[in-house]
Amino acid sequence: KINYQIFKSKFFIKKNGKLATFQRVRCTNEKFELFKHQDSSMQNILSSSDGIIFRNSYDKSIKKNEKVKILRFNLIDENYI
């Protein structure tokens, strides 16, 4: 079981493309924001992020203040993945 937390998007996020993606986020209070650069080689972004969202291919856009399930890194040991 994965224990997601629910956060609201700070900004509009465009529709996902043809690939499923794991996108790094930073959570503050009850809101989250995506990092603009998601390149896996950017260790600085990974170390600055505190959660991740999974988006299926062609997932719809995410509106500002829309609630999204986020896997928080600080709770990862509570999950059975």
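Residue indices begin at 1 and follow the sequence shown.
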Salt bridge (charged side-chain N to carboxylate O under 4.0 Å, His left out) assessment of D50 paired with R26: CA-CA 5 Å; D50 59 358; R26 178 180 300 132; over 6 Å; no
For a quick test of reading the model, state the closest non-hydrogen atom pair linking F32 to V25 and the distance between them. CD1-CG1, 3.7 Å
State whether the number of non-hydrogen atoms from other residues, nucleotides or ligands found under 6.0 Å of N56 atom CG is greater than 12. yes
Shared hydrophobic cluster, I53 / F12 (ILVMFWY, side-chain heavy atoms < 4.5 Å): no
From C27 atom SG to I70 atom CD1, the distance as rounded to the nearest 0.5 Å: 4.0 Å
Between R55 and K60 (side chain of the first, backbone of the second, donor and acceptor by atom type, cut-off under 3.5 Å), is there such a pair? yes
Value for OG (S61) from NZ (K15), rounded to nearest 0.5 Å, stands at 8.5 Å
With a 4.5 Å cut-off on side-chain heavy atoms, are S57 and L19 touching? no
If you measure from CZ on F11 to NZ on K31, what distance do you get to the nearest 0.5 Å? 9.0 Å
Counting distance only, does the side-chain N/O of N16 pair as donor-acceptor with the main-chain N or O of Y58 below 3.5 Å? no
So, taking the atom named CD in E30 and the one named NZ in K67, what distance separates them when rounded to the nearest 0.5 Å? 8.5 Å
Answer yes or no: are there more than 12 heavy-atom neighbours, outside E66 itself, under 6.0 Å from its atom CD? yes
Side chain to side chain, T21 and F54, heavy atoms closer than 4.5 Å: no
Please give me the minimum heavy-atom distance between L34 and Q23, naming the atom from each residue. CD2-CB, 3.5 Å
Separation between CG of D59 and CD1 of I13, rounded to the nearest 0.5 Å: 11.0 Å
R72 vs Y4, side chain to side chain contact (heavy atoms under 4.5 Å, CB included): CA-CA, chis, key distance, verdict: CA-CA 7 Å; R72 297 287 305 272; Y4 291 101; over 6 Å; no
State plainly whether one hydrophobic cluster holds both L71 and F22, where clusters connect Ile, Leu, Val, Met, Phe, Trp and Tyr through side-chain heavy atoms under 4.5 angstrom apart. yes
Just checking, is any N or O donor in the side chain of T28 or K10 under 3.5 Å from an acceptor N or O on the other one? yes
